[in-house]
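To keep things clear, I will list the structure first and then write my remarks on it.
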There are 4 protein chains.
Amino acid sequence: MAPSSPTSTVVAGHDQSPAPASAIQTRFDQQQTKILARAAEVFCEKGYEGASMRDLSRASGMSLSGLYHYFESKEKLLYLIQKHTFSTIMESVLARLEGVRGPEERIRTLILNHLEYFLAHQQAMKVLSHEDDVLQNALGAEVAALKRAYYRILIGLLDDLKQSRKLDFSSRLSALSLFGMMNWIYTWYQPRVDADAAQLAGHMGDLFLHGICEPPRTRKIPRRQSTGSK
Amino acid sequence: MAPSSPTSTVVAGHDQSPAPASAIQTRFDQQQTKILARAAEVFCEKGYEGASMRDLSRASGMSLSGLYHYFESKEKLLYLIQKHTFSTIMESVLARLEGVRGPEERIRTLILNHLEYFLAHQQAMKVLSHEDDVLQNALGAEVAALKRAYYRILIGLLDDLKQSRKLDFSSRLSALSLFGMMNWIYTWYQPRVDADAAQLAGHMGDLFLHGICEPPRTRKIPRRQSTGSK
Amino acid sequence: MAPSSPTSTVVAGHDQSPAPASAIQTRFDQQQTKILARAAEVFCEKGYEGASMRDLSRASGMSLSGLYHYFESKEKLLYLIQKHTFSTIMESVLARLEGVRGPEERIRTLILNHLEYFLAHQQAMKVLSHEDDVLQNALGAEVAALKRAYYRILIGLLDDLKQSRKLDFSSRLSALSLFGMMNWIYTWYQPRVDADAAQLAGHMGDLFLHGICEPPRTRKIPRRQSTGSK
Amino acid sequence: MAPSSPTSTVVAGHDQSPAPASAIQTRFDQQQTKILARAAEVFCEKGYEGASMRDLSRASGMSLSGLYHYFESKEKLLYLIQKHTFSTIMESVLARLEGVRGPEERIRTLILNHLEYFLAHQQAMKVLSHEDDVLQNALGAEVAALKRAYYRILIGLLDDLKQSRKLDFSSRLSALSLFGMMNWIYTWYQPRVDADAAQLAGHMGDLFLHGICEPPRTRKIPRRQSTGSK
DNA sequence: TATGAATGAGTGTTCATTCAT
DNA sequence: TATGAATGAACACTCATTCAT
């Protein structure tokens, strides 16, 4: 999910504005919403390539041609799932951040928001994470832009933290590590075994912010300048 | 890569012993080695489902039926790539750990080994990470067992650290977070932009062990008991 | 066609009842009927294994995938041909038998019905006779059940004859011999050379009932107890 | 097995003469004999089309190329099996007939010989019966000629019977019916259930010669002129 | 609004066979 | 005497998609 070339300066612009940048439909009727949900399930289970339109047809209780009546292609379905998911998680985090002050708490807010959404929409989020590079050209670019915008939110929070605490670390590397940590959960999370989103967010927030142990007292040299462990 | 249900007690048993537990071929001639390498490339680029045997045939400069002369199925190719990759990274980390004392340094050793191997064999490692749940039945079980064994090595190192420093954190959660952090790099790593394996390992080791910032002095309450940030 | 293990007691139950026992489609539209007819021709000419779906596609003037729109597999096509053929010949013989009294005449009725149907639907009947053991599992079992039911009709007629005339012969052996005699015609029958169904039925009926010559007058010992000719 | 167009006048010429008409090999070494036997088994079980050269290779414990070292093609294998089987049964019946006088006993001899051979070499005989029309061109013609010769032996015996007893029936129809009766056994014969060859020959001989019951006394009209049962 | 009919291109896999050794 | 390597053609079947209704 985190972008490869985060050079964009887009920070928080996401298309819920009255004049959408994208010409693509963003409002869905009941049928479409149902199809998208089923499609997310199937893509989640079988992967985008592994899922056939017939699978989707079967899963949504609709004829093959019915699917095409609502959505013009398989690729568009993936695009819409990814875009909708991304837009929602973006809206959500931006709304939450408005009420939170303090860089650390703001980072924790993003983590919590991410994990809550992830666990509440595991299937869609897996599709987002796992089918990251499937979409090509314009469609792919649009999702990539959303991803970049989301990424830059975290970068901004990290920069704020660095500034306010006079710290020195790579925002890029830290952000990507944090996203990795969080997005990876789709490979292992088991609702019956693992903690809920809030607890998970607590653990991952602690881990990300302070690590699993205190740094050794004897080391006087600033930690962040090490270039390798030996 | 990290397993969902790490209940197995397998720790370090991996089949490089003279009498291999698995009946499956583990030695390859020149042709087979070449095919496996090309297949890893193609799987990496297009995904397992998205790659066709014809793609593999083209990439390896061999006829479609020629491929089947060497490997009985597409699934077996994926299996062999995954198994060989996992076996190698396992062997490697076990060998390195023998020369290292101190729980923290041992964890850093695993991180360094993982990232060095990951970057040196990016394609195979992406296939390992991304096509995690494709293999079914016996083949899938065998790879899953390797994964579990690898996972348990890290768990062991974390338990050692906890014990020696009287710490209290979830080994499972920490291990899975670390693997997520590391495995996610296949989605963003750019050789020309990002640091090399050693530096990356340094950064991720620091992050994992000590976080990005000092814990606040005022907090007297043990960190690890928080259940969320609010 | 005659079954190997006629232990079933099914006699005349065949699914033309309003509520069919089998869940499998038995009504076909025009296209399906045409495809089935062409398929029977091709199976007849090349054998089931020897006929490819492309052959069937060509013969029915329809694209390969079009075929699959109507029938889910090659096996199902064979099954439907066999089942339909068997059902029809069964219905037909049962209807005819209702109007006939006297064991000998009833046997002659079955022979006539069999041969008339055989010659009128040579291709389908060859497919029935020649591809006897191709179908596996449920599909094969269903056709085998029909075959057994048909076989048991003849057995019943023979038992009636034995009882009414105080004869002693093996119904099983006689029935299987008669079926062999009749079914074998697909290997030799030439419309321009050989007699029509009625004449053939007359000849085979005579042969089956009375043989090609009078038994020798000198032999007083009951014929049927011989255990070989020497 | 019985020929469609028995116009040939060949009666008993079969190629064991010092100067074989056919240029094709008829003597086999141990390896070849073994391969032919295994091939007959596999053809019997899976059918000619359904059996692959790899199946034959596996069954004969020899590499695929090994097979081609001994036999030039799959078709040739079928040809050799069919030819050898036919030649043997022909030789056998001719030898036996030399010692038997009386038309009826000679017919019974042919029946016994046929069934004994059939049951002793069920697999090869099924291949003969079932894969009747697979062979094309020269190879097919050669086997067809053997078949015709064998058929004409029976025709000769029937003509003798007709002449000596002043009977009137169709030799062709009777011969083909008898062959059908006998050859069909591959579809139903079960060693544990059914009688042995001698008993079977007795039953089928009786059936063929005298039918299952006495002709009705009241009928004065010569039996053989009926043209159907109604 | 919704679907059955239909298809060209493609899927993984197997085929009988050849050839160098 | 015997085989591993290699292949072009074919296999049954599925794909995403279109179109008339």
Side-chain angles (χ1 to χ4, degrees), chain A residues 29-32 35 46 48-58 60-78, chain B residues 29-32 35 46 48-57 60-78, chain C residues 29-32 35 46 48-57 60-78, chain D residues 29-32 35 48-57 60-78:
Chain A
D29 65 24
Q30 214 179 338
Q31 281 274 34
Q32 287 174 311
I35 293 172
K46 306 193 160 190
Y48 175 77
E49 296 279 3
S52 77
M53 287 300 276
R54 268 181 170 77
D55 291 331
L56 302 187
S57 149
R58 222 170 291 128
S60 55
M62 168 169 284
S63 77
L64 201 42
S65 343
L67 242 50
Y68 280 94
H69 178 72
Y70 288 108
F71 299 101
E72 57 189 284
S73 72
K74 189 184 173 190
E75 204 185 8
K76 211 67 151 242
L77 271 169
L78 177 59
Chain B
D29 66 25
Q30 215 178 336
Q31 281 273 35
Q32 287 174 312
I35 293 171
K46 305 192 162 194
Y48 175 77
E49 297 278 3
S52 78
M53 287 301 275
R54 277 160 184 86
D55 291 332
L56 303 187
S57 148
S60 55
M62 169 172 281
S63 76
L64 191 49
S65 27
L67 237 51
Y68 281 93
H69 179 69
Y70 289 105
F71 298 101
E72 58 191 280
S73 70
K74 189 185 174 189
E75 202 184 10
K76 211 69 151 240
L77 272 169
L78 177 58
Chain C
D29 66 25
Q30 215 179 336
Q31 281 273 34
Q32 287 174 312
I35 294 171
K46 306 193 160 191
Y48 174 77
E49 296 278 3
S52 77
M53 287 300 274
R54 276 164 183 85
D55 292 331
L56 302 187
S57 147
S60 54
M62 171 172 279
S63 76
L64 189 50
S65 26
L67 237 51
Y68 281 94
H69 178 69
Y70 289 104
F71 299 100
E72 57 192 279
S73 70
K74 190 184 173 188
E75 202 184 11
K76 210 69 150 242
L77 271 169
L78 177 59
Chain D
D29 66 24
Q30 213 178 338
Q31 282 274 34
Q32 287 173 311
I35 292 171
Y48 175 76
E49 295 279 2
S52 75
M53 288 299 276
R54 269 179 170 80
D55 291 331
L56 303 186
S57 149
S60 56
M62 168 169 284
S63 77
L64 201 43
S65 344
L67 242 49
Y68 280 93
H69 179 69
Y70 288 108
F71 299 101
E72 57 190 285
S73 71
K74 189 185 172 188
E75 202 184 10
K76 211 67 149 243
L77 270 169
L78 176 60

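Order of the sequence lines fixes the chain letters, A, B, ..., with proteins taken first and strands second; residue numbering starts at 1 for each chain. Below, each value reflects all heavy atoms present in this structure, side chains not excepted, and no hydrogens, waters or symmetry copies.
Closest-nucleotide positions on DNA chain F for C:Glu49 and B:Gly66 were compared, and the one nearer the 5' end corresponds to B:Gly66. If you find the closest nucleotide of DNA chain E to D:Asp55 and to B:Lys74, the one lying nearer the 5' end belongs to B:Lys74. Along DNA chain E, the nucleotide nearest B:Glu75 and the nucleotide nearest C:Gln31 are compared for position; the residue whose nucleotide lies closer to the 5' end is C:Gln31.
Taking atom CZ of A:Arg58 as the reference point, atom P of E:dG4 lies 14 Å away to the nearest angstrom. Atom C1' of nucleotide F:dC11 and atom OH of B:Tyr68 are separated by 12 Å, given to the nearest angstrom. Atom NZ in A:Lys76 sits roughly 17 Å away from atom P in F:dA16 (whole-Å rounding). For the pair D:His69 NE2 and E:dT21 C1', the computed distance is 13 Å after rounding to whole Å. F:dT1 atom C1' lies 14 Å from atom CG of D:Leu67, rounded to whole Å. Atom CG in B:Leu56 sits roughly 13 Å away from atom C1' in E:dT13 (whole-Å rounding). We find that CG of D:Leu64 is positioned 14 Å from P of E:dT14, with the value rounded to whole Å. In this structure, CD of C:Gln32 is placed 12 Å from C1' of E:dA5, rounded to the nearest angstrom.
A close approach under 4.0 Å does occur between a side-chain nitrogen or oxygen of A:Ser52 and OP1 or OP2 of F:dC15.
Nucleotide F:dT17: paired with E:dA6 (Watson-Crick or G-U wobble, both distances less than 3.5 Å). Using N1 to N3 plus N6-O4 or O6-N4 for Watson-Crick, or N1-O2 and O6-N3 for G-U wobble, each under 3.5 Å, E:dG12 pairs with F:dC11.
Closest approach of C:Asp55 and C:Gly50 over heavy atoms only: OD2-O, 4.0 Å. Nearest heavy atoms, C:Leu67 versus C:Ser60: CD1-OG, 3.5 Å.
Of the inter-residue distances, the one linking B:Arg54 atom CZ with B:Ser57 atom OG reads 8.5 Å to the nearest 0.5 angstrom.
Contact of C:Arg54 with F:dA12 (side chain to base): a donor-acceptor pair of N or O atoms is detected under 3.5 Å.
In this structure, the nucleotide among F:dT7, E:dA5, E:dT17 sitting nearest to the side chain of B:Met62 is F:dT7.
Side-chain atoms of D:Lys74 come within 3.5 Å of backbone atoms of D:Tyr48 as a donor-acceptor pair (strictly under, hydrogens ignored).
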Can C:Met62 and C:Gln31 be said to form a side chain to side chain contact (heavy atoms under 4.5 Å, CB included), step by step?
CA-CA 10 Å; C:Met62 171 172 279; C:Gln31 281 273 34; 3.8 Å; yes
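Note on B:Ser65: a base of the nucleic acid sits closer than 4.0 angstrom, heavy atoms only.
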